[in-house]
Amino acid sequence: MRNYWPLGIFLLAMVVVGLIVLTLKVAISNPVELQGICQQSSQYIDENANAIAQMRARLLKQYDITFEGMQGQNLKSYRQIFLRISDKTDGRIVTDAEVNFFLMRPHTTQDDKALGSGELVEGLWQSQYFEVQKQGRYQSEALVKIDGDSICVTQEYFIRE
């Protein structure tokens, strides 16, 4: 009578080793250090997390910062990002801010674009025109600087044809 336990243990060990190799391959091909928010590295965000949280709280206490425009986007209509910044106390539009726009893909850095500084037109901060080639998930990001404080705001869109 044959005993198959040694063969089963050997095959289980090979499956575990294969899964370890696959995990290492995926981790090496998708490095975390390339991902960031508003072109800031994850290391910078980790090192300055308290200061970033304090600036965010100060700005959101004083200003309403919202993305404007359609939520359901398609490849032909998604060409520009709009942001509205208004004071919470009197509702006036903030004109002395510095706004930089970025277009990101959440799980890759290949299609990321820095769109440059925004321009204030009729109460809305607008990005430069851009072109989207592929459908899928995109994040519009805006780095807003007002009176020495800065905040990064994001809005996610699903682009379809």
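Here the structure is a predicted model, which means the values were calculated and not measured.
With rounding to the nearest 0.5 angstrom, the OG atom of S86 is 9.0 Å from the CD1 atom of I65. The distance from atom CG of D147 to atom OH of Y63, rounded to the nearest 0.5 Å, is 5.0 Å. Separation of atoms CD (E98) and CH2 (W125) is listed at 8.5 Å; rounding is to 0.5 Å. Annotation: the span from M104 atom CE to K113 atom NZ amounts to 12.0 Å, rounded to 0.5 Å. Going from atom OG1 of T66 over to atom CG of L83 covers 6.5 Å, rounded to the nearest 0.5 Å. In this structure, CG in N100 is found 10.5 Å from SG in C152, a value given to the nearest 0.5 Å.
Cluster annotation: I85 and L120 are assigned to the same hydrophobic cluster (Ile/Leu/Val/Met/Phe/Trp/Tyr, side-chain heavy-atom contacts under 4.5 Å, transitive). Placement of V144 and F82 in two distinct hydrophobic clusters is found when ILVMFWY residues are connected by side-chain heavy-atom separations under 4.5 Å, directly or transitively. Under the 4.5 Å side-chain heavy-atom criterion for ILVMFWY residues, no single connected hydrophobic cluster contains both I9 and V17. F130 and L124 fall into different hydrophobic clusters, defined by Ile, Leu, Val, Met, Phe, Trp and Tyr side-chain heavy atoms under 4.5 Å apart, directly or through other members.
Using a 4.5 Å cut-off between side-chain heavy atoms of Ile, Leu, Val, Met, Phe, Trp and Tyr, L12 forms no hydrophobic cluster with any other residue.
Here the side chains of I93 and R84 are in contact, with some heavy-atom distance below 4.5 Å. Contact of the V15 side chain with the L19 side chain is registered, since non-hydrogen atoms from C-beta on lie closer than 4.5 Å. In this structure, I151 and I146 have side chains that are not in contact, with every pair of non-hydrogen atoms separated by 4.5 Å or more. Within the 4.5 Å cutoff, the side chain of F102 has no heavy atoms near those of the L115 side chain. Side-chain contact check for R105 versus Y138: some heavy-atom pair is nearer than 4.5 Å.
A donor-acceptor pair under 3.5 Å is absent between the side-chain atoms of Q126 and the main chain of E119, judged by distance alone. Judged purely by atom type and a 3.5 angstrom limit, K88 uses its side chain to pair as donor or acceptor with the backbone of L60. Of the possible donor and acceptor atoms, none in the side chain of D87 sits under 3.5 Å from a partner among the backbone N and O of V94.
Between S140 and F67, the shortest heavy-atom contact is O-CZ, 3.6 Å. The two residues L59 and S150 come nearest to each other via the heavy atoms CD1-C, 3.7 Å. F101 approaches G118 most closely through the heavy-atom pair CE1-CA, 3.6 Å.
Cation-pi check for R137 over Y157 is not met; the charged atom does not lie both under 6.0 angstrom from the ring centroid and within 45 degrees of its normal.
Within 6.0 Å of atom CG in N3, more than 12 heavy atoms from other residues, nucleotides or ligands are found, so the atom counts as buried in its surroundings.
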